[in-house]
Number of protein chains: 2
Amino acid sequence: MSHSREDVISAAGRLFARDGYHGTSMRDLGRELGLLGSSLYSHVQGKQELLVAVVERGAGFFQAAADAALAVEGPASERLRRLIAGHLDVMLDHRDEVRTYLNEARSLEPASRERVVAARDRYEQAFRTVLKEGVADGSFRDDVDPKLAGIFVLSILNAVDRWYEEDGGLDRAALASQIADMVERGLRTG
Amino acid sequence: MSHSREDVISAAGRLFARDGYHGTSMRDLGRELGLLGSSLYSHVQGKQELLVAVVERGAGFFQAAADAALAVEGPASERLRRLIAGHLDVMLDHRDEVRTYLNEARSLEPASRERVVAARDRYEQAFRTVLKEGVADGSFRDDVDPKLAGIFVLSILNAVDRWYEEDGGLDRAALASQIADMVERGLRTG
DNA sequence: CCTACCGATCGGTAGG
DNA sequence: CCTACCGATCGGTAGG
């Protein structure tokens, strides 16, 4: 059986998400793919390169979703709802990459970690921008701190990975609107 | 220099919080205390025992804070504010234990992990109870789902560890009321 | 992608 | 708390 580099990265995401970067050995990863640990070195230069690839995949999915949400016309609150739904879609469709992105980025070497931190800041900026717009157009209260509110929304969203299972009574769209409703009530004027 | 078992557990918390359980070796921990890795085995039976001790410290701090908050008389919203402020106090006063509790519990062996999960459920129950009381006495909207709302509040609180630094412009009490205000606006009737 | 291997490091132990 | 050590496992390489 022959594997592509993409296969190796996906399998790495699976194991990093489950056992952590330090909890996963190259031999574990080989076993997951049905080959020896040493055989992985024909696909990648080293373990750290795999972590970089998985984390950058996760970051890329989030940024693509944010770009799409920001492009939507209409009121800021609509873009905020899209950001929330898009974040949930990315989390639930790419759970391994997202988990690795959220929990294992600290195991990146400094240079790549800095790039990931910058990407995370840029993504957070999308939330902050929409919140500022909502304050500016009067739909959100003017004592809303966009930075703090953005952090709170992202905190709720990122934690979803820790408790939510899609096969329960609450489907993805219902969860998205529960979060959006709760957040909007916290922000809205009047 | 002689060390107590408590010293060893505190140092373990420091390293587990910073480098993770799998990223910390017994030799690392020995170095932190000025002795050899093998010397630690006169204080503890093994590495896993240290993880259990650190995580249970973290869990214990949280439960003690919740018990105190629940004992406060008056409206449910006041107990909710106490739960929020108490959670922040525990996080910021015991950052290493809390970080280990939040991020490294998955490295516990099954038996102790189950105990920790049970303790976490019990703690979450405190939030749910107060939210239910608020719905019952009419101060919170009756379409508030106490389970979901509790998860959202705890999501915001637990994420604080990931971004907040106490020496910035926002002090601990101000952060607590920002969170409590935002949450209450999301819950309140009218 | 495997065989065969490297030096380093891991958690842990015996004995003092 | 140290000396001296154990077998297992780590990330990685040379050569095919």
To the nearest angstrom, how far is A:Tyr41 atom OH from C:dC6 atom C1'? 13 Å
Does any nucleotide pair with D:dC10 by Watson-Crick or G-U wobble geometry, both distances under 3.5 Å, and what is it? C:dG7
side-chain contact (heavy atoms from CB on, under 4.5 Å) between B:Tyr41 and B:Leu36, intermediate numbers included: CA-CA 10 Å; B:Tyr41 291 86; B:Leu36 295 176; over 6 Å; no
Consider only side-chain heavy atoms of I, L, V, M, F, W and Y, link residues closer than 4.5 Å, and tell whether A:Ile156 and A:Tyr164 are in one cluster. yes
Parallel, tilted or perpendicular: which fits the ring planes of A:Phe61 and A:His94, with parallel below 30° and perpendicular above 60°? parallel
On DNA chain C, check which nucleotide each of A:Gly34 and A:Arg27 is closest to and give me the residue with the more 5' one. A:Gly34
Look at the side-chain N and O atoms of A:His43 and state whether any lies under 4.0 Å from the OP1 or OP2 oxygen of C:dC1. yes
Strand partner of D:dG16, provided both Watson-Crick or wobble distances fall under 3.5 Å: C:dC1
Rounded to whole Å, please give me the gap between CG in A:Leu29 and P in D:dG12. 12 Å
From CD of B:Glu109 over to C1' of C:dG11, roughly how many Å is that when rounded to an integer? 12 Å
In the structure I gave you, are the side-chain heavy atoms of A:Leu50 and A:Leu40 within less than 4.5 Å of one another anywhere? no
Between D:dG12 and A:Ser38, is there an OP1 or OP2 to side-chain N/O distance shorter than 4.0 Å? no
Measure from CZ on A:Arg31 to P on C:dC1 and round the result to the nearest Å. 17 Å
If you check every side-chain atom of B:Ser2, which of C:dG11, D:dC1, C:dC1 has the closest atom? D:dC1
Side-chain donor-acceptor contact under 3.5 Å, B:Thr129 with B:Arg79: no
Pairwise 5' ranking along DNA chain D for A:Gln45 and A:Asp28, keeping only the more 5' one: A:Asp28
If I take atom CG in residue A:Leu36 and atom C1' in nucleotide C:dC1, what distance separates them, rounded to the nearest angstrom? 8 Å
Residue-phosphate contact under 4.0 Å: B:Ser25 side-chain N/O, C:dC10 OP1/OP2: yes
Separation of D:dC10 atom P from A:Leu40 atom CG, nearest Å, is 13 Å
Between CE of B:Met26 and C1' of C:dC10 the distance, given in whole Å, is 11 Å
Which part of the nucleic acid does A:Gly46 contact within heavy-atom distance under 4.0 Å: base, sugar-phosphate only, or nothing? sugar-phosphate
Integer-rounded Å distance: D:dT3 C1' and B:Leu35 CG: 14 Å
